[in-house]
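What follows is a set of notes on a single structure, which appears directly below.
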Protein chains: 2
Amino acid sequence: MALILVVDDDPDILKVLKANLEIAGFEVATATNCAETWQFINKRIPDLIVLDLMLPDGDGMDLCRELRKRHISIPVIMLTARDGISDRVLGLESGADDYVVKPFEAIELVARIKACLRRTSLESLERLRAGEIVVDVPKRMVRVRGKRVDLTPKEFELLCLFINHREKVLTRDFIRNSLWKDNKKLYSWSRVIDVHIQHLRSKIEKDPSNPKYIITIPGVGYRFMPSKR
Amino acid sequence: MALILVVDDDPDILKVLKANLEIAGFEVATATNCAETWQFINKRIPDLIVLDLMLPDGDGMDLCRELRKRHISIPVIMLTARDGISDRVLGLESGADDYVVKPFEAIELVARIKACLRRTSLESLERLRAGEIVVDVPKRMVRVRGKRVDLTPKEFELLCLFINHREKVLTRDFIRNSLWKDNKKLYSWSRVIDVHIQHLRSKIEKDPSNPKYIITIPGVGYRFMPSKR
DNA sequence: CAATGGTTGTAAAGTTTCTGTAAAGCCCTG
DNA sequence: CAGGGCTTTACAGAAACTTTACAACCATTG
């Protein structure tokens, strides 16, 4: 059954929700703040997150946005305190899939969770495929020739970028602008990209010194070739 | 609208798929085995093929390989029986663009078909053509008489310049100002341009010593003539 | 008609720039 | 403070660019 991560700073609410969700047949994990949430997510990706808007060490919306930025696209249901319209709009804009206004009936939450899971399981388009490589974006899992491969966040983003722009030549400028958004500055002469390419090759190529997927276009950039049509 | 050819030996599946795809606005043709598939393809090339892996008179992958061998490069979506070994084999062997695991939701298949068509139809834009030469700019790929040709950055820029100014005589001054922007100085007596022309000719001309595309205009420069039909 | 000078084709050598790679340092988190 | 991930650095080798030298060609000229 599906694993639900519930994040709220009120232990009473957590207790009630956990009980109700388990009755409904879900596996339940809990966290009380942003730090714990990340900690959990780094270990195991749940199928859905129930997220309180206000957390002691941060904002639920920021957390949600950050999830999306890292290509973690599992559904998020927000718990908002008041039902001010602005909160709803903000919640949905931040990438949440649904929201429930406190105080709420546990039954309603369960129903929304089920609906959300049903909806998103159909949209399983989050699977990217290129030749012998299969990327399950929500689970952040990559298989190459059937074998599981663990990628770091940067490597994962890089691979997604390549697959979404298959066959096109990506300049280093383009890659830099895609993976190092505004806040993180990166000197134009930095060789980080090349190094990440090196790491990615060593993980997905059969013979990294004779790459079949990530091809170097000297003087320009790199090209991802899923097959040899 | 796009024409989809669905190949499956189960008439029930065919019926369901046909109905769903037509609702989605596609024109649908069906076949139940390899023989029928080839028969159809010889009459009319569809925009996309949905192909069952197991067919009564052959293997979907073989059919797919055969398509590629005949340079029919329309997208193929495979229907595979189960996850597991099959997708490893798929990845290794066939030239399919995507696959869907049975049993599947019709919605997912439609979504994948749309994604696939969107990808491949966008690709046919941004293309330059000149006689037997096809240049795909974002992919930086050049085909001459159907064969792939690798160009260095300077050669590529030079070729694009020629194609964009076809039939016109380009002086060396003009070429120098176009490819060597201000920062890079280039002595007026340098012969670099001639050397690059030489390299380009050796890659795109059938007989480099009797060029048909890049014609020398003595005392002036060069002219690109794609005219031969 | 042969000599001359200017222009282009061509191959090869010289030079510069770019890339692969390993190793080391940094920074954050647990 | 240990470990993992990210970034920098340094250097060797590869690729591309440029120069150079010479042959071929053509037109003009003495």
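Letters go in sequence order (proteins before strands), and every chain restarts at 1.
- Contact annotation: B:Ser190 reaches the phosphate of D:dT19 (side-chain N/O to OP1 or OP2, under 4.0 Å).
- For the pair A:Trp38 and C:dG30, the criterion of a side-chain N or O lying under 4.0 Å from OP1 or OP2 is not met.
- Nucleic acid contact class of B:Trp180 (heavy atoms, under 4.0 Å, all strands): sugar-phosphate only.
- Within the structure, a side-chain polar atom (N or O) of A:Arg172 is placed less than 4.0 Å from OP1 or OP2 of C:dT19.
- From B:Glu66, atom CD reaches atom CZ of B:Arg70 across 5.0 Å, with rounding to the nearest 0.5 Å.
- In this structure, the nucleotide among D:dA15, D:dT18, C:dG9 sitting nearest to the side chain of A:Pro218 is D:dA15.
- Atom CG in B:Asn210 sits roughly 12 Å away from atom P in D:dC25 (whole-Å rounding).
- Interatomic distance, CG of B:Asn164 versus CZ of B:Arg166, reported as 7.5 Å (0.5 Å rounding).
- The local environment of CD in A:Glu105 is sparse, with at most 12 non-hydrogen atoms from other residues, nucleotides or ligands closer than 6.0 Å.
- When rounded to the nearest whole Å, the span between CG of A:Asp194 and C1' of C:dA22 equals 14 Å.
- Rounded to a whole Å, the CZ atom of A:Arg191 is 10 Å from the C1' atom of D:dT9.
- Heavy atoms from other residues, nucleotides or ligands lying under 6.0 Å from CZ of B:Arg145 number more than 12.
- Residue B:Ser209 places no side-chain N or O under 4.0 Å from the OP1 or OP2 atom of C:dG9.
- The phosphate of C:dG9 (OP1 or OP2) has a side-chain N or O of B:Tyr222 nearer than 4.0 angstrom.
- As a whole-Å value, the separation of A:His199 NE2 from C:dA23 C1' is 10 Å.
- Taking for each of B:Gly219 and B:Val195 the nucleotide of DNA chain C with the nearest heavy atom, the 5'-most of the two is the partner of B:Gly219.
- Listed pair B:Thr152 / D:dA16 fails the phosphate criterion, with no side-chain N or O lying under 4.0 Å from OP1 or OP2.
- Taking side-chain N and O atoms only, B:His196 has a distance below 4.0 Å to OP1 or OP2 of D:dT18.
- The nucleotide whose nearest atom lies closest to any side-chain atom of B:Leu186 is, among C:dG9, D:dT8, D:dT19, D:dT19.
- Side-chain atoms of A:Arg172 and A:Tyr222 form a donor-acceptor pair, as typed in the model, at a separation below 3.5 Å.
- Residue-level contact check: B:Arg201 touches the backbone only, with heavy atoms under 4.0 Å from sugar-phosphate atoms and none from bases.
- Contacts of B:Phe156 with the nucleic acid, taken as non-hydrogen atoms under 4.0 Å apart, are absent.
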